[in-house]
Amino acid sequence: MTAPIIAAKGLRKRFGAVVAANDVNVDIMPGTISGLIGTNGAGKTTFINMITGYLQPDEGSILLEGGEIVGLTPRDVTRRGVARSFQIPQLFNSLTAVENLTLAEAALRSRGFAGFAMLPDSALEKSARATLERFGLERFGDSLAGTMPEGIRKLLDIAVAMVARPRVLFLDEPTSGVSSEEKFPIMDRVIAATRADNMSMLFVEHDMEIVRRYSDRVLAFFEGRVLIDDKPDVVMNDTQVRTLIIGEEKAHG
Amino acid sequence: MNRTFTFLPPLLGGAALIALIAWFLPSWNFVLAIGLAKGLPVLGLVLLMRGGLVSFGQGLYYALGGYTVGLASQYFGLKDAAALLVISAIGSALVAFVVGLLLSRYRDIFFAMLTLALSMLLYGILVKSTELGGTDGFNVHGITLFGIPLTGADRMNGLLLLIAVCVLGAINLGLFGATAFGRLLAGVRDNEIRVEYLGASADRAVLIAYVLAAVMAALGGAMSGIIVGHIDPEMAFWATSGEFVVIAILAGTGGVLAPFVAAVVLEVVRSFAYQYAPNTWQLVLGLIILALILFLPQGLSGLVRRGPRAVNAGEKS
């Protein structure tokens, strides 16, 4: 069996009386796509924030290909190959889509003294337009990121994150705030790009149909713990998951 | 054709135009020189503003450049302009690097106030130090470039040297804008969280921009010292730094030529206003600045709208 690309062990995080992570253990295998489900406050975003360096866990360790990444800044975590998108897209709102991607490419090349090398406009723009095409966003190349529809912003946020050429990608609710007919096309594009680059990916999602269709395995969080971690069908049919997270039948009775 | 170099033709054209004007109207070369010398710190400020930062203390480096020229020529007998400019640039870069390590961690009003405080610190030291000329400052004599006189009757030579320094400074910053660090500045202004999550350091981009801006300001101060023949603590005073900010706002962040155009225009307007309305020239100047801000909110560089960006900015899709 291959080694996990991300191994989170015994993560704990408290915010006052709220326990957002209570002994979380998660392994992410190379090249897999994981769906992360759970009620509000189950600790899904906290989990992503701890891995990407936005929050430091109170206890526990996170190994990226065997190397500890707890204590690193978001910048250093990103440089080691972990990228993320945000529930509220973090874009350069006063810039166009092409400029957002160009800036992401510049950021990738600003590590160390290489940042003083000149980057020709033509090459940057060409690669930005190619990325847009890959995500089906070519129509929006010259639109300002701040004025785009939410679904487009979500996709652009993911496209920008992927410019860093990560090995692991974390997506925080890639389809929230997006109309239901837009959800599947967004996920199709993202999954295709993820598979093409042979990345591992974990996405937080509330829509069970999306989770079922796109995940290789599903993690269910409840009250800061991993309730179950298995194949989509197993998780979706689990009694606890159905009552506590999906909240159907008895709960709505 | 690479867009990186599109600023070159107007820049060289502008330089030639200024040189021609000064050649045919020698009485104007002093005003033009003052304007261009102020354009250099403004060029640096405009770079910082691309990163969303306003320094209210570029007078610090303007004075450092001026005093480097003054002190090196007075106490060490160094009279060569090229050597003086190089020393000014290196000295101010070193100071800016150390100061910038602290400053680059701050943004917005905190950054502005810290830069202001530091420049007033230097002002205080200069005013109190009689060895450095106190409030009167001191005169700078006989600076030459490889033996060519630059001042007095030969001021035209000084102006040509200044034009060359301005062109080199503008090319330098124009090219910096095409580097990875230069491109990051727009991201620092817009969304620093995303910059960090792209694996880049916002602070480092700010530090580099700050050092470059300081070098530009020091070169301006040094050239001002050489051509005016006098330096005093006013160069570090907040009003001097404030004037640079006003000119930078007039120029806008669009290009490397605009800072010089704005600085020269303001200097020419000021000298006309002073001549024809000696008692109310500040009022005239104020009204003109107000009008410019009202009708050209993006500064002079807003006059030249470029590419799809400008079209898109007005389009709500």
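What's counted below: heavy atoms across the whole structure, side chains too, no hydrogens, waters or symmetry copies. The sequence lines fix the lettering, A, B, ..., with proteins before strands; numbering per chain opens at 1.
Only the side chain of A:Arg111 has a heavy atom closer than 4.5 Å to any heavy atom of chain B. Only the backbone of A:Leu91 comes within less than 4.5 Å of a heavy atom in chain B; its side chain stays farther off. Proximity to chain B is limited to the backbone of A:Ala117, based on heavy atoms less than 4.5 angstrom apart.
The residue among A:Asn93, A:Asn100, A:Thr102, A:Val98 with the most heavy atom pairs within less than 4.5 Å of chain B is A:Asn93.
When side chains are defined from C-beta on, A:Leu119 does not count as touching B:Thr179, because their heavy atoms never get closer than 4.5 Å. When side chains are defined from C-beta on, A:Arg109 does not count as touching B:Leu184, because their heavy atoms never get closer than 4.5 Å.
The interface of residues 73-82 of chain A with chain B, defined by heavy-atom distances below 4.5 Å, comprises A:Pro74, A:Arg75, A:Thr78, A:Arg79. Taking non-hydrogen atoms and a 4.5 Å limit, the residue list of residues 170-185 of chain A in contact with chain B is empty. Residues of residues 201-220 of chain B lying within less than 4.5 angstrom of chain A, judged on heavy atoms, are B:Ser201, B:Arg204, B:Ile208 in numerical order.
Applying the ring pair (Phe, Tyr, Trp, His ring centres under 6.0 Å) test to B:Phe56 and every residue at least two apart in sequence or in another chain returns nothing.
Within a 6.0 Å radius of CD1 in A:Ile88, no more than 12 heavy atoms belonging to other residues, nucleotides or ligands are found.
Annotation: cation-pi pair B:Arg194/A:Phe92 absent, no NZ/CZ under 6.0 Å from the ring centroid and within 45° of its normal.
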